[in-house]
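Report on one structure; see the data block that follows.
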Amino acid sequence: MNLISNLKEIKKKISGQILFNEYLSKYSWFNIGGPAKVIFKPKDLNELSVFLKHLKGYNKIKILGVGSNTLIRDGGFDGIIIKLGKSFSHISLFDNNKIIAGTSALDKQVSNFALHNSLSGFEFLSCIPGSIGGGIKMNSGCYGNDISKILVSVQAMDMEGKIRVVNSSDIKFSYRKCNMKKDLIFVSATLLGKNDNSKSIEKKINELVERKKIDQPSKIKTCGSTFKNPEKNKAWSLIKESGCAGMSVGDACISQKHCNFFVNKGKARSKDLEDLIKKVKNAVLNKTGIELELELEIIGENL
Ligand SMILES: Cc1cc2nc3c(=O)[nH]c(=O)nc-3n(C[C@H](O)[C@H](O)[C@H](O)COP(=O)(O)OP(=O)(O)OC[C@H]3O[C@@H](n4cnc5c(N)ncnc54)[C@H](O)[C@@H]3O)c2cc1C
């Protein structure tokens, strides 16, 4: 299939943006990443479906949320990046205790919406800088909660442009993981809360946000935790114990405040971060015998 000529056909039928060779650095919290062959920003659900139906059989497609867990390689992405925009960021109340949210809504926006509707259970989302879509994929969470605990169902589009509804009870969630098929694009989610007192919800949000400020660095170019915590261990502690605290490669370094947060302090390339990741992984394995597993995701091509 000739991708570019196919896309020119699709362009006549839709009004969403199709961009060629645009750098992906602004789509990742690391502020790193080479160009994508194509970026598609559908105007709405129907356009997304038309687009996918047209591209039937083409499978180098990756959906991005806000890129707070994704390191994009210096060679960019040799395929199509799909980025959901405004029409996927709706948030509404349903049945008095449920929230239906588009997957490009930010976790923090959903947490605020829940607060204003006196629904508890969503407080932890105010500490996570991602989107609802990324949150479901990663089963994101903190301080004893994660998204699997509030998820009722996900509405997702498959690569044939068809909508499916997947109940949370049919999804296997584990620590920072869910087993939903890689080729599903989540478009909205139904989340369940508990009617509660807004003052106590607000208090809990403030406490969690304050705790997060103390525990983790902010206002830096990072994707949060680099590695998952191994069972009965903390990745940051193993990294520290293995003498990696001050390690760096080029402009890629380890946060002084939190050893599991890797940072682009200026002009780091993806390769610098990947080299730093390898160095730390080896050091921890040699010192402790524990093999760290990545929490952040690396996508794209090497230069
Ligand atoms: C400062 C900082 C603090 C953080 N703290 C936490 C924390 O406390 N707890 C925690 O769990 N995480 C934390 N993270 C990591 C990150 O914010 C979460 O993993 C977040 O949920 C990722 O969401 P995103 O929209 O940025 O996803 P992205 O990085 O854009 O994507 C992540 C994955 O989700 C998939 N995805 C995204 N949207 C969709 C969709 N609509 N349909 C299907 N798949 C999709 C992508 O393909 C990719 O595989 C932190 C990150 C930072 C930068």
Side-chain angles (χ1 to χ4, degrees), residues 16-17 24 26-30 33 36 39-49 51-52 61-72 77 79-92 98-114 122 124-142 145-159 161-168 170-174 176-192 223-225 295-299:
Q17 279 182 301
L24 287 166
K26 67 176 181 200
Y27 296 92
S28 163
W29 268 57
F30 272 128
I39 300 178
F40 175 49
K41 301 181 179 179
K43 195 191 75 184
D44 55 30
L45 202 56
N46 193 48
E47 276 201 354
L48 180 59
S49 174
F51 184 87
L52 293 169
I61 296 179
K62 177 76 181 163
I63 170 112
L64 266 187
V66 293
S68 65
N69 199 57
T70 307
L71 173 61
I72 303 164
F77 188 76
I80 301 170
I81 293 285
I82 294 182
K83 177 90 184 138
L84 303 182
K86 246 189 174 170
S87 62
F88 297 85
S89 66
H90 54 88
I91 308 174
S92 47
K98 291 189 194 83
I99 289 176
I100 297 185
T103 48
S104 72
L106 296 178
D107 295 343
K108 196 172 164 27
Q109 291 168 333
V110 173
S111 174
N112 282 342
F113 181 88
F122 298 81
F124 72 99
L125 289 177
S126 55
C127 298
I128 303 174
S131 66
I132 291 296
I136 295 168
K137 179 76 183 188
M138 294 306 301
N139 190 18
S140 297
C142 56
N145 262 312
D146 59 47
I147 215 151
S148 72
K149 296 189 177 142
I150 52 171
L151 188 74
V152 177
S153 60
V154 184
Q155 294 76 50
M157 193 173 281
D158 64 21
M159 288 296 141
K162 291 185 192 132
I163 287 284
R164 300 188 197 177
V165 179
V166 187
N167 289 324
S168 179
D170 293 327
I171 307 171
K172 206 167 154 209
F173 284 104
S174 52
R176 302 294 168 267
K177 208 172 172 182
C178 88
N179 72 342
M180 284 185 80
K181 280 191 173 164
K182 274 192 182 155
D183 59 359
L184 282 180
I185 298 175
F186 314 148
V187 290
S188 64
T190 304
L191 306 155
L192 178 68
C223 272
S225 293
E295 175 165 328
L296 61 79
E297 190 178 345
I298 302 175
I299 64 166

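Please read all numbers here as calculations on a predicted model, not as lab measurements.
- Atom NZ of Lys98 has more than 12 neighbouring heavy atoms from other residues, nucleotides or ligands inside a 6.0 Å radius.
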Tell me, with the steps shown, if Lys177 and Lys172 meet side-chain contact (heavy atoms from CB on, under 4.5 Å). CA-CA 8 Å; Lys177 208 172 172 182; Lys172 206 167 154 209; over 6 Å; no
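- Counting only distance, with no hydrogens or angles, the side chain of Ser131 and the backbone of Gly65 share no donor-acceptor pair below 3.5 Å.
- Closest non-hydrogen pair, Phe88 versus Val187, comes out as CE2-CG1, 4.0 Å.
- Judged by distance alone, the side chain of Ser89 and the main-chain N or O of Ser104 form no donor-acceptor pair under 3.5 Å.
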Verdict with reasoning, Gln17 to Ile39, per side-chain contact (heavy atoms from CB on, under 4.5 Å): CA-CA 8 Å; Gln17 279 182 301; Ile39 300 178; over 6 Å; no
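- Of all heavy-atom pairs spanning Val66 and Gly130, the tightest one is CG2-CA, 3.6 Å.
- The CZ atom of Phe113 lies 14.5 Å from the CG atom of Leu106; values are rounded to the nearest 0.5 Å.
- One distance of note links CG of Leu191 with CG of Leu125; it measures 7.5 Å at 0.5 Å rounding.
- For the atom pair CD1 (Ile63) and CG (Leu84), the distance works out to 3.5 Å, reported to the nearest 0.5 Å.
- Asp107 places no side-chain N or O within donor-acceptor distance of the main-chain N or O of Cys127, the cut-off being under 3.5 Å.
- To the nearest 0.5 Å, atoms CD1 (Ile132) and CD1 (Ile91) are separated by 7.5 Å.
- Listed by chain and residue number, Phe40 satisfy the ring pair (Phe, Tyr, Trp, His ring centres under 6.0 Å) test with Phe51 (two or more places apart in sequence, or in another chain).
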Go through Phe77 and Leu24 one step at a time and tell me if the side-chain contact (heavy atoms from CB on, under 4.5 Å) criterion holds. CA-CA 8 Å; Phe77 188 76; Leu24 287 166; 3.8 Å; yes
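- Here the side chains of Thr103 and Ile185 are not in contact, with every heavy-atom distance at 4.5 Å or above.
- Under the 3.5 Å distance criterion, the side-chain polar atoms of Ser49 are matched with a main-chain donor or acceptor of Gly161.
- Annotation: side chain of Ser153 is in contact with side chain of Asn167 (closest heavy-atom distance under 4.5 Å).
- No donor-acceptor distance shorter than 3.5 angstrom exists from the side chain of Ser28 to the backbone of Leu71, with no hydrogens or angles considered.
- The environment of NZ in Lys41 is crowded: more than 12 heavy-atom neighbours from other residues, nucleotides or ligands sit within 6.0 Å.
- Here the side chains of Tyr27 and Ile81 are not in contact, with every heavy-atom distance at 4.5 Å or above.
- Under a 3.5 Å cut-off, the side chain of Asn139 and the backbone N or O of Ser174 do form a donor-acceptor pair.
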May I have the step-by-step check of side-chain contact (heavy atoms from CB on, under 4.5 Å) for Ile147 and Ile128, ending in yes or no? CA-CA 11 Å; Ile147 215 151; Ile128 303 174; over 6 Å; no
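- Across every non-hydrogen atom of Ser140 and Phe124, the tightest pair is O-CE1, 3.8 Å.
- Closest approach of Phe30 and Thr70 over heavy atoms only: CD1-O, 4.3 Å.
- Of the candidates Lys182, Arg176, Glu297, Lys182 is the only one forming a side-chain contact (heavy atoms from CB on, under 4.5 Å) with Lys137.
- The main-chain N or O of Ala105 is never found under 3.5 Å from a side-chain atom of Gln109 such that the two would form a donor-acceptor pair.
- Counting only heavy atoms from C-beta outward, the side chains of Leu184 and Val154 never approach each other to under 4.5 Å.
- Partner of Leu151 under the side-chain contact (heavy atoms from CB on, under 4.5 Å) criterion, out of Ile171, Thr190, Leu192: Ile171 alone.
- Nearest approach of Met157 to Leu45, heavy atoms of both residues: CE-O, 3.6 Å.
- Judged purely by atom type and a 3.5 angstrom limit, Ser68 has no side-chain atom pairing as donor or acceptor with the backbone of Trp29.
- Note that the CG atom of Asn69 and the CD1 atom of Ile298 stand 10.5 Å from one another [nearest 0.5 Å].
- Contacts of Lys149 classified as side-chain contact (heavy atoms from CB on, under 4.5 Å), with partners at least two apart in sequence or in another chain: Asn145, Asp146.
- Atom NZ of Lys181 and atom CG of Asp158 lie 8.5 Å apart (nearest 0.5 Å).
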